[in-house]
Q: 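Structure incoming, see below.
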Amino acid sequence: MARRTLSPLARETSTEAESPPPHSEIELATVVGLLAGLRPRVASIVIGCSRDAPSQATADAVARAWNERGGHVLDVVDWPERAASWLRQARRFTEQEPDAWVVTGQVPGWVQMGRRLVHSTDWDPARTIGTAALASDDLIAVGGVGTFDGLRGAARDGGTWEVIRTILVHRSA
């Protein structure tokens, strides 16, 4: 009998890939503030993003803001919404062992990337800050319980959100 291996990838995503709207300045400031508030202190980050133009513009803006604050951006890693495994991107995302990660992009691709990170690397969602585009119940529903536990991020209005096991908790500014 053939041995069956389980894939770390989600079988399907519940939403079609859709480019997120551009980030707001208050959202960007909240992302940087969340990074600055992590303990132990964060100096170096890796930024990950989908390949759409708004996500890449947000990644660039985060990199500029973090550098202006005196931090170091070790790498910016992008990924497709559909791929065979996301393993190459996951390894690149974690190989430099940053103090924290920032992610922005489309939920379907991030779900797949996150699942690959959990199964193949030492990535820690609790050391990861996301943008408003990722604050979706689909993140948990498709990603699976525990995949993104501790991931937090910025809302467009300056509020925050956090994944706590099976719940996406929103906090106003």
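Below, each value reflects all heavy atoms present in this structure, side chains not excepted, and no hydrogens, waters or symmetry copies.
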Q: Test side chain to side chain contact (heavy atoms under 4.5 Å, CB included) on Val142 and Arg115 and set out the steps.
A: CA-CA 10 Å; Val142 181; Arg115 288 177 58 88; over 6 Å; no
Q: Under the side-chain hydrogen bond (donor to acceptor under 3.5 Å, both in side chains) test, which residues partner Asp149, sequence neighbours left out?
A: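 Per chain and number, Asp149 pairs via side-chain hydrogen bond (donor to acceptor under 3.5 Å, both in side chains) with no residue.
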Q: Could you note down all residue pairs passing salt bridge (charged side-chain N to carboxylate O under 4.0 Å, His left out) where residues 42-57 supplies at least one of them, sequence neighbours left out?
A: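 Sorted result for residues 42-57: Arg51-Asp78.
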Q: Pro21 and Arg156: which non-hydrogen atoms are nearest, and at how many Å?
A: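 Heavy atoms only, the tightest pair is CG-NH2, 3.0 Å.
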Q: Rounded to the nearest 0.5 Å, what separates atom CH2 in Trp123 from atom CH2 in Trp101?
A: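 If I round to the nearest 0.5 Å, the distance is 8.0 Å.
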Q: Looking at CD of Glu25 and CG of Leu28, how far apart are the two atoms once the value is rounded to the nearest 0.5 Å?
A: 5.5 Å
Q: To the nearest 0.5 Å, what is the distance between CZ on Arg91 and CG on Leu87?
A: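 One gets 4.0 Å once the value is rounded to the nearest 0.5 Å.
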Q: As an exercise, state the distance from CG of Leu151 to CD1 of Ile140, rounded to the nearest 0.5 Å.
A: 9.0 Å
Q: Determine, using the 4.5 Å side-chain heavy-atom cutoff (strictly less than), whether Val118 and Val102 are members of one ILVMFWY cluster.
A: no
Q: Measuring from Thr147:OG1 to Arg116:CZ, what's the distance to the nearest 0.5 Å?
A: 12.5 Å
Q: Of all the heavy-atom pairs spanning Ala132 and Glu27, show the shortest one and how long it is.
A: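 So the two residues come closest at N-OE2, 2.8 Å.
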Q: Only distances under 3.5 Å count here; give the side-chain donor-acceptor pairs of residues 162-173 to other protein atoms, sequence neighbours excluded, each with its distance to 0.1 Å.
A:
from, atom 1, to, atom 2, distance (Å)
Glu162, OE1, Arg171, NH1, 3.3

Q: Spell out, as yes or no, whether a donor-acceptor pair under 3.5 Å connects the side chain of Ser50 to the backbone of Ser55.
A: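 Not confirmed, Ser50 side chain does not pair with Ser55 backbone.
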Q: Please confirm whether the backbone N or O of Leu74 pairs with a side-chain atom of Ser44, one donor and one acceptor, at under 3.5 Å?
A: no
Q: side-chain hydrogen bond (donor to acceptor under 3.5 Å, both in side chains) with Thr30: which residues, sequence neighbours excluded?
A: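 Applying side-chain hydrogen bond (donor to acceptor under 3.5 Å, both in side chains) to Thr30 gives none.
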Q: Tell me, do Arg152 and Thr160 make a side-chain contact under 4.5 Å, heavy atoms counted?
A: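 Heavy-atom side-chain distance check fails, nothing below 4.5 Å.
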Q: Side chains of Val46 and Val77, heavy atoms from C-beta outward: is any pair under 4.5 Å?
A: yes
Q: State, to 0.1 Å, how close Ala154 and Val31 come at their nearest heavy-atom pair, and which atoms those are.
A: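 Looking at all heavy atoms of both residues, the closest pair is CB-CG2, 3.6 Å.
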Q: Identify which one of Ile47, Thr121, Leu117, Asp75 satisfies the side-chain contact (heavy atoms from CB on, under 4.5 Å) criterion when paired with Phe93.
A: Leu117
Q: Give me the atom names and distance for the closest heavy-atom approach of Val107 to Ser136.
A: CG2-CB, 3.8 Å
Q: Hydrophobic cluster membership, with links at side-chain heavy-atom distances under 4.5 Å among I/L/V/M/F/W/Y: are Val111 and Trp79 in one?
A: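 Yes, Val111 connects to Trp79 through the hydrophobic network.
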Q: Working to the nearest 0.5 angstrom, can you tell me the gap between Thr104 OG1 and Ile129 CD1?
A: 12.5 Å
Q: Using a 3.5 Å distance criterion without hydrogens, assess whether the side chain of Gln112 forms a donor-acceptor pair with backbone atoms of Trp86.
A: no
Q: I want to check something: taking the side chain as every heavy atom from C-beta on, are Pro98 and Arg127 in contact at a cut-off of under 4.5 Å?
A: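 They are not in contact (no side-chain heavy atoms under 4.5 Å apart), so the answer is no.
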Q: Indicate if Val103 and Val76 have the same hydrophobic cluster label, given that clusters are the connected sets of ILVMFWY residues with side-chain heavy-atom separations under 4.5 angstrom.
A: no
Q: Taking ring-ring contact (aromatic ring centres under 6.0 Å, His included) as the cut-off, I'd like each qualifying pair that reaches into residues 23-43, sequence neighbours left out, listed once.
A: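 Not a single pair qualifies under ring-ring contact (aromatic ring centres under 6.0 Å, His included).
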Q: For residues 124-153, which residue pairs pass the ring-ring contact (aromatic ring centres under 6.0 Å, His included) check, not counting sequence neighbours?
A: Trp110-Phe148
Q: Examine Val32 and Trp161 and state if one hydrophobic cluster contains both, with Ile, Leu, Val, Met, Phe, Trp and Tyr joined whenever side-chain heavy atoms are less than 4.5 Å apart.
A: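 No, because Val32 and Trp161 fall into different hydrophobic clusters, even though each may have its own neighbours under 4.5 Å.
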Q: Identify the heavy atoms of Gly105 and Ala133 that sit nearest to each other, and give their distance.
A: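 So the minimum-distance heavy-atom pair works out to O-CB, 3.4 Å.
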